> 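Have a look at this one before I ask anything.
Just so you know, these numbers come straight off a predicted model, no measurement behind them. Computed from heavy atoms alone, side chains included, the values below leave out hydrogens, waters and symmetry copies.
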Amino acid sequence: MTLHEGTVGKTYQVEKICIDLKIQRRLEAIGMVEQTKVAIVNEKRNGSMIIRLRGTRWAIGAAIASSIQVKEVAQ
């Protein structure tokens with residue numbers, strides 16, 4: 001499943017990021033790498049979402065969220 005398909009309030013673990021190398025490097029710079037836990041805080045109508053990653057809230061677009069493969073983890 002992708003992060004974009006996730007549910008608000010649940011926590012997921014990143015399995016794989018399949019996106020342009022430049023964007024992938026930026027995500028790595030903020031701490032989003034494989035095995036990182038990501039919580040979905042809110043989802044906007046336009047498809048963008050607010051996530052919590054390593055204690056910090058980030059906004060990401062629908063295209064980026066759709067390229068991040070995740071699996072659900074117990075909280």
Side-chain angles (χ1 to χ4, degrees):
M1 100 187 289
T2 65
L3 187 60
H4 190 273
E5 298 168 339
T7 306
V8 174
K10 295 201 175 187
T11 303
Y12 300 92
Q13 185 174 21
V14 176
E15 290 185 322
K16 188 175 181 181
I17 301 172
C18 304
I19 198 162
D20 181 52
L21 187 60
K22 184 177 179 182
I23 297 171
Q24 186 174 350
R25 295 291 181 232
R26 176 63 181 140
L27 291 174
E28 288 174 0
I30 65 171
M32 184 177 288
V33 294
E34 292 180 7
Q35 307 303 318
T36 302
K37 292 184 180 174
V38 177
I40 300 176
V41 177
N42 197 358
E43 189 169 1
K44 304 294 182 180
R45 290 183 190 167
N46 63 2
S48 62
M49 53 181 33
I50 308 296
I51 60 170
R52 181 172 307 278
L53 176 69
R54 298 183 185 249
T56 304
R57 290 168 49 139
W58 298 93
I60 60 172
I64 294 174
S66 295
S67 68
I68 301 170
Q69 298 290 321
V70 295
K71 67 177 178 180
E72 190 172 348
V73 294
Q75 294 181 346

> Search all heavy atoms of Ile19 against all heavy atoms of Ser67 and return the closest pair with its distance.
CD1-OG, 3.3 Å

> Is Met49 reachable from Ile23 through a run of I, L, V, M, F, W or Y residues, each pair having side-chain heavy atoms under 4.5 Å apart?
yes

> Does one hydrophobic cluster hold both Met1 and Ile68, with members joined at side-chain heavy-atom distances below 4.5 Å?
yes

> For the side chain of Tyr12 and the backbone of Thr2, is there at least one donor-acceptor N/O pair under 3.5 Å apart?
no

> Listing request: all salt bridge (charged side-chain N to carboxylate O under 4.0 Å, His left out) pairs with a residue in residues 41-68, at least two apart in sequence or in separate chains.
none

> Find the distance between CD1 (Ile60) and CE (Met32) and round it off to the nearest 0.5 Å.
5.0 Å

> Would you give the length of the straight line joining atom CG of Leu3 to atom CD1 of Ile64, rounded to the nearest 0.5 angstrom?
10.5 Å

> Could you state the interatomic distance from CG (Asn42) to CD1 (Ile51), rounded to the nearest 0.5 Å?
12.5 Å

> Give a yes or no on whether the backbone of Ala63 and the side-chain of Ser66 come within a donor-acceptor separation of less than 3.5 Å.
no

> Passes side chain to side chain contact (heavy atoms under 4.5 Å, CB included), Leu27 versus Ile17? Steps please.
CA-CA 9 Å; Leu27 291 174; Ile17 301 172; 4.1 Å; yes

> Going by side chain to side chain contact (heavy atoms under 4.5 Å, CB included), name the residues that satisfy it together with Gln35, two or more places apart in sequence or in a different chain.
Gln13

> Starting from Val8, can I reach Leu53 by hopping between I/L/V/M/F/W/Y residues whose side chains sit under 4.5 Å apart?
yes

